[in-house]
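None of these values were measured; they are calculated from a predicted model. Each chain gets a letter, A, B and so on, in the order the sequences are listed, and its residues count up from 1.
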Amino acid sequence: MNLGLKYLLLFLLLLVLFVLDLVLGTTYIAPGKVLEVFEEHGSVTETIVILGFRLPKAIAALSAGMGLSVAGMLMQTFFRNPLAGPYVLGVNSLSSLAVAVFMLAGGAGSALFLQLGVPFAACAGAFLGLVLLLILSHKIKSATHLLLVGMMIGFLAGALQSVLEYMANPSELKNFVIWNMASLSNVTGKDLLAFFILVLFSCILCLFSIKPLNALMLGDEQASLLGVNVKFARNFILILVALLSGITTAYCGPVGFVGLAMPHTIRMLLRTTHHLHQLIGCMLGGAIFMLTCDIISNLPVFDNTLPINVITSLFGAPFVIWLLFKSKTNFE
Amino acid sequence: MRSRIFRLRKPVLFFGLLLFLFSCSEEKEKVDVPFSAVENKYASYFKIYKRDRYTLLVTFLNAEKTDSAVYALFKGEKPELQSEIHGIQIPVQNVACLSSVFVGFLNRLEAISAIRAVDNMDFVSNQQLLDLSAKGSIKELAKNGPLNIEQTLTCGVNVLFTNPTGDKKKDIDARLLGANITPVVCADYFENHPLGRAEWVKAMSLFFGKEEMADSLFAETERKYFALKASVDTVSYKPTVFTELKTNDTWFVAGGKSSLAQFLADAGADYLWKDNGKVNVTALNMEQVIEKALNADYWINLHLSNMPSEILEKDKRYGEFKAFKTRNLFNNNRRLNLSGGNDYWETGLCNPDEILADLVNIFHPDLQPVKELKYYKQLK
């Protein structure tokens with residue numbers, strides 16, 4: 001099957017899942033009624049459920065999936081580590097810690113400041129995490145060791161976050177705990193538009209990193225010989241990852257496993273190492289994965305919304321175990 | 001089958017223990033009379049048994065009532081007791097309250113001066129206690145988390161009123177007992193009738209020898225409560241009501257058999273989840289609440305919100321509810337202290353007639369049992 005056909009199938013699957021996400025939910029609304037809502041003939045309740053609740057959630061799922069999946073792909077190439085991902089290497093943890101510092105240590109006063117400050121803090125935390133990993137990656141050559149160090153950074157950030165939570169006042173703590181639980185349904189209105197545009201813009205910026213990414217696969221020296229400004233390329237990729245990971249974490253909270261699992265799935269599916277195809281594949285695949293998780297988390301059988309992180313982990317964790325078994329020699 | 005037997009084992013053991021105690025005591029204390037149980041009218045998570053030399057207070061430690069703690073409250077010389085029964089000499093002089101509702105009960109019993117420690121002064125609204133705290137007379141034992149055992153051991157209290165955690169060993173900590181501090185575990189929040197929780201004043205009164213006062217206070221509360229209830233019984237219009245805001249993706253609404261549902265029914269309101277048959281909160285998502293509550297008349301108990309704009313800041317979709325558009329938004333946070341502690345949870349729960357008066361005023365303003373709301377306020 002050629003790549004074009006694969007893209008087409010992925011795109012069609014994405015469309016189907018997007019529509020399914022609008023049709024399926026904890027309350028039953030017949031597909032015909034969903035159409036009526038878009039034709040502006042639906043009842044008030046159905047209109048609010050579809051346009052006010054399900055549609056923003058589906059767009060948030062699509063954006064979060066694209067952002068995290070592309071960030072994971074960039075990190076895996078950047079660190080030349082198949083287990084790299086914003087969640088695994090502690091980037092999300094530092095992003096959460098930065099938000100915790102902002103929200104719990106007296107940073108967030110007004111609602112407006114909270115709205116502006118959280119995305120900034122999340123991006124700054126993600127960037128700090130990446131810089132730290134970059135410095136450590138020069139010292140630590142073993143992929144396994146780097147992975148372990150990343151996990152330790154995650155634990156350290158988690159512990160500091162616990163201290164802040166312990167000392168926080170109840171209302172600040174509540175706001176933070178809610179944010180930290182991760183959710184797709186809390187992004188609405190202008191926030192949703194900003195989220196979608198920022199993710200899309202960052203993904204478009206990734207197009208400028210295709211050549212360096214392909215070259216970096218061969219190692220820094222080979223990349224230099226191919227005319228890539230390695231230092232500039234590394235910094236550029238780092239900023240892109242911080243943007244994608246930070247923006248998604250800011251709006252949806254720390255969502256796990258998407259960034260780790262999806263790039264592998266796409267590489268296996270498309271059978272390509274070219275980063276242009278990986279980028280498009282990850283955008284489509286990440287969106288498909290998150291839409292699927294969102295549909296599952298809102299299935300009527302559960303009688304409530306399951307936390308999105310539970311679903312991504314239920315799918316993501318077995319995948320990582322399988323990956324470890326399948327490719328264990330590569331990580332030595 | 002095995003688990004059912006296991007669940008039954010503890011109540012059977014407890015009543016066996018009472019029988020055993022009764023039979024042993026009869027031989028040792030020839031003059032003592034048999035236990036006489038004091039019947040509660042609404043509360044079901046404590047029992048009082050009277051003897052002439054002491055009173056037994058039994059408190060249940062979980063919702064299923066499969067575990068309990070037994071306290072023998074005596075005056076003067078300590079009677080011989082089974083090791084499982086915790087003897088407490090009354091009246092107690094030095095107590096700690098690890099929940100603000102206990103402060104409310106002690107306030108009703110005019111026993112605030114016995115309080116030496118609380119969990120966190122931020123939650124306390126009682127002025128007398130705030131004054132004592134300002135003088136440095138009140139210790140805080142759980143300011144930012146779990147109970148600080150070291151501070152508790154050294155704060156000089158004999159009785160610690162606390163809520164159950166589900167782990168009896170943790171609730172009745174051996175280290176505290178060893179230091180002559182008896183944790184009195186009160187599962188008052190499991191009561192599913194507002195008067196059931198208020199009736200706990202009777203249990204608390206035992207520690208201060210103020211049973212008659214408690215009986216009188218409770219009887220007055222009950223009388224006022226039912227007078228208010230009777231005033232709405234003839235009203236045909238029952239406005240629809242829903243409660244709470246969502247927390248992340250989940251909207252926790254009170255169960256149809258909960259204390260809040262009872263309050264709403266007695267205030268002449270039609271609670272939207274009154275038929276779900278649950279005592280505990282029910283987790284729903286926003287879709288489910290929109291489907292049912294979009295056109296509801298009233299929306300109450302809105303977390304910490306003070307203004308409609310604060311609700312919208314949390315989620316703009318809240319603005320679609322009819323109750324929001326008509327500003328029929330009422331929150332139970334009229335009486336906040338400077339630290340944000342809410343008196344609703346301190347004195348309100350001990351005085352359910354006052355909460356009911358607020359609710360009747362809200363849902364049936366024409367009846368107006370009180371001129372001004374005490375615990376609730378309209379968000380404008």
Query raised in the report: After noting the C-alpha distance and the side-chain angles of B:Glu287 and A:Ile50, does the key distance pass the side-chain contact (heavy atoms from CB on, under 4.5 Å) rule?
Result: CA-CA 9 Å; B:Glu287 267 189 37; A:Ile50 302 293; over 6 Å; no
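For B:Lys374, the NZ atom counts as densely surrounded, since its 6.0 Å shell holds more than 12 non-hydrogen atoms of other residues, nucleotides or ligands. Residue B:Lys238 qualifies as enclosed at atom NZ: its count of foreign heavy atoms under 6.0 Å is above 12. Counting heavy-atom neighbours within 6.0 Å of A:Phe201 CZ, excluding the residue itself, gives a total of 12 or less. B:Lys325 NZ: more than 12 foreign heavy atoms inside a 6.0 Å radius. Within 6.0 Å of CZ on B:Arg175 lie no more than 12 heavy atoms contributed by other residues, nucleotides or ligands. Atom CG of A:Leu15 is surrounded by more than 12 heavy atoms from other residues, nucleotides or ligands within 6.0 Å. Within 6.0 Å of NZ on B:Lys377 lie more than 12 heavy atoms contributed by other residues, nucleotides or ligands.
With a 4.5 Å cut-off on non-hydrogen atoms, B:Lys246 touches chain A through its side chain but not through its backbone. Residue A:Val177: no heavy atom, backbone or side chain, is found under 4.5 Å from chain B. If you measure heavy-atom distances from A:Thr188 to chain B, the contacts under 4.5 Å come from the side chain alone.
For the pair A:Val49 and B:Arg317, the minimum side-chain heavy-atom distance is 4.5 Å or more.
Of all heavy-atom pairs between B:Ile290 and A:Thr45, the closest is O-CG2, 3.9 Å.
Rounded to the nearest 0.5 angstrom, B:Lys316 NZ and A:Lys190 NZ are separated by 7.5 Å. Note that CG of A:Leu306 is 10.0 Å distant from CG of B:Asn285, once rounded to the nearest 0.5 Å. Rounding to the nearest 0.5 Å places CZ of A:Phe53 at 9.0 Å from CD of B:Gln288. B:Asp249 CG to A:Asn298 CG: the interatomic distance, rounded to the nearest 0.5 Å, is 7.5 Å.
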